[in-house]
Amino acid sequence: MLKDYEFWFVVGSQFLYGPEVLETVAKRAQEMTDFLNASGNLPCKLVYKATIKTNKEVTDLVKEANYDSKCAGIITWCHTFSPSKMWINGFVDLQKPYCHFATQYNRSIPNEEIDMDFMNLNQAAHGDREHGFIGARMRLQRKVIAGYWQDEEVQKRIGNWMRAAVGVMFSRSLKVMRFGDNMREVAVTEGDKVETQIKLGWQVNTWPVGKLVETMDAVTEEEIDELMDVYTSEYDLATDDIETVRYQAREEIAMKKMLDAEDCRAFTNTFQDLYGMKQLPGIASQHLMASGYGYGAEGDWKAAAMTAVMKAMSEGQTGGTAFMEDYTYNLDPDAEYSLGAHMLEVCPSVAADRPRIEVHPLGIGDREAPARLVFEGHPGKAIVVSLVDMGGRMRLICQDIEAVKPILPMPNLPVARVMWKSMPNLTTGVECWIAAGGAHHTVLSYDVSAEQMKDFARMMDIEFIHITKDSTPEAIEEQIFLNDLAWKLK
Ligand code: MN
């Protein structure tokens, strides 16, 4: 999917310096584009599109960018000075993600060569400020990245922003299939689906569990054989109860058929509505997540959609992104950890080792013992993300964490588990999280960064709260208070 998108490199200039300068600008812009594409640090293709000299050129280009479904955003830069009033009409119409890349063709100031001609050609230092002003004046939701275009760190930042922009494009057409409603009485999994569709684009709709059961009944033994081969090639079969695992395969095949028929990339279900089903989907949901589908348990469509969006943003990366739930704490002063898990459905993309297929009874849901994947999450820096509906606006809460190898083997815990240190520490992190209203369900990702989530939130015009190693409850509470005021005025 990343390969389906491109970004347009748009360079600002004007007629003042004559045709030769404009030719040089265009030639260099193409050279920089080729260099960036060859760097291997951009996940999507960059296309040098135009050197802008007039209002009409900007306006026409923005119309084309809005219309072109391949274009996931524009990246602007001013090689020379480009008077910004000519950008206003175009920017008013801009519907695609926008990054202002403040760079310069030459890295160093050349001692002998520098004269006024050189200065007129290479004046991004003030060209980019004029350009930046109009972005600020128009309150455009933009990303500003400054640095030398040949530096790997700068290229990676552009690449990371591209991934966030692709998340925006993916989000705007995302469809979520709900099998049944939310778990009864739960508040945080509720939300305004109309507001969400306006802001984030998600089409969240329900399909009957009865239809899923019908589709399951129509699955053939051959189809199940085929998926069982996939299961046993990817996971260790640690049960003799093959029929139970085959039943999960039947569930997965049926859910996938229904999802694909409606072009849905995320789904929810709930243990309270399994009418006609023998097992809560375990490995069925886990393997679908590993294939890129978003999932939310207990009808949590916000978590399902965010899982899908973050999987789309991190396509091709190998750290893993999973639906997660804070389950229980280890509060020893010397070893403060959160234990994350779910009653079945943690995505095996975060597994440290080859997952095991096991069958154990499930205390809730009143169904047969389901097959599930059991594994430990791998160590590494990661984030957990929660989207909550504050009434009138969505709030995205992101916390930095560091996953560790679980400090205990927990041999009687029959589910996948991830253990982590929260930032700034366990209890302060919990105070910040609870103050912000973060849910028990999250999306945990080793691949997507907090900066990318912030970029995503900004492009989507939703609130963003980041809990970091430096956070204090006081600062978070103040931010929440000010955000509440700001969002009332919006
Ligand atoms: Mn749950």
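Predicted model only: the values in this text are computed from it and were never measured.
Remark: D236 does not engage R356 in a salt bridge, criterion side-chain N to carboxylate O under 4.0 Å. No salt bridge links E234 with R354; every basic N to acidic carboxylate O contact stays at or beyond 4.0 Å. The residues E402 and K421 are annotated as not salt-bridged, no charged nitrogen and carboxylate oxygen being separated by less than 4.0 angstrom. The pair K278-E368 fails the salt-bridge criterion, with no side-chain N (NZ, NE, NH1 or NH2) lying under 4.0 Å from an Asp/Glu carboxylate O. By the 4.0 Å N-to-carboxylate-O rule, E152 lies close enough to K156 to be salt-bridged with it. Taking 4.0 Å as the cut-off between side-chain N and carboxylate O, R372 and E358 do not count as a salt-bridged pair. With respect to the salt-bridge test (charged N to carboxylate O, under 4.0 angstrom), the residues D461 and R458 do not qualify. Salt-bridge annotation for K96 and D68: absent, with no side-chain N of the basic residue lying under 4.0 Å from a carboxylate O of the acidic one.
Residues Q104 and H79 bring no donor and acceptor atom of their side chains to less than 3.5 Å of each other. Side-chain contact check for H441 and T189: no donor-acceptor pair (N or O, by modelled atom type) lies under 3.5 Å. Side-chain N/O atoms of T270 and D273 include no donor and acceptor closer than 3.5 Å. For the 3.5 Å distance criterion, the side chains of E6 and W8 qualify, holding a donor opposite an acceptor.
Partner D455 forms a salt bridge (charged side-chain N to carboxylate O under 4.0 Å, His left out) with one of K143, R157, R163 and no other, that one being K143. Here the rule is salt bridge (charged side-chain N to carboxylate O under 4.0 Å, His left out) with E223, and of R250, K257, R246 only K257 fits it. With respect to S445, the side-chain contact (heavy atoms from CB on, under 4.5 Å) criterion is satisfied by exactly one of M310, M313, M306: M310.
Environment of NZ in K256: sparse, with no more than 12 heavy atoms of neighbouring residues, nucleotides or ligands closer than 6.0 Å. Within a 6.0 Å radius of NZ in K454, no more than 12 heavy atoms belonging to other residues, nucleotides or ligands are found.
The ring of Y446 has its center closer than 6.0 angstrom to the ring center of H378. Ring-centre distance between F9 and W149: not below the 6.0 Å cut-off.
In this structure a side-chain-to-backbone donor-acceptor pair under 3.5 Å is missing from K311 to G294. At least one donor-acceptor pair under 3.5 Å links the side chain of S349 to the backbone N or O of T321. Remark: side-chain polar atoms of K211 are not paired, donor with acceptor, to backbone N or O of M258 under 3.5 angstrom. Using modelled atom types, one side-chain atom of D447 and one backbone atom of G320 make a donor-acceptor pair closer than 3.5 Å.
In this structure, M394 and I462 approach most closely via the heavy-atom pair O-CB, 3.6 Å.
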Steps toward side chain to side chain donor-acceptor pair (under 3.5 Å) verdict (Q248, Q279): CA-CA 8 Å; Q248 289 281 330; Q279 298 176 29; 2.7 Å; yes
Verdict with supporting geometry, Q155 and N41, side chain to side chain donor-acceptor pair (under 3.5 Å): CA-CA 6 Å; Q155 294 163 357; N41 290 320; 2.8 Å; yes
Check against side chain to side chain donor-acceptor pair (under 3.5 Å), Y231 and E252: CA-CA 11 Å; Y231 285 174; E252 174 175 347; 2.6 Å; yes
Step-by-step ring-ring contact (aromatic ring centres under 6.0 Å, His included) determination, W301 to Y295: CA-CA 8 Å; W301 49 269; Y295 172 77; over 10 Å; no
Worked check of salt bridge (Lys or Arg N to Asp or Glu O under 4.0 Å) between E376 and R417: CA-CA 5 Å; E376 284 184 350; R417 72 291 302 268; 5.0 Å; no
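By the 6.0 Å and 45° rule, R265 stacks over the aromatic ring of Y293. Geometrically, R28 engages Y105 in a cation-pi contact defined by less than 6.0 Å to the ring centre and at most 45° from the axis.
With a 4.5 Å cut-off on side-chain heavy atoms, Q399 and H466 do not count as touching.
H100 and Y98 have parallel rings, their planes meeting at less than 30° on a 0 to 90° scale where 60° marks the start of perpendicular.
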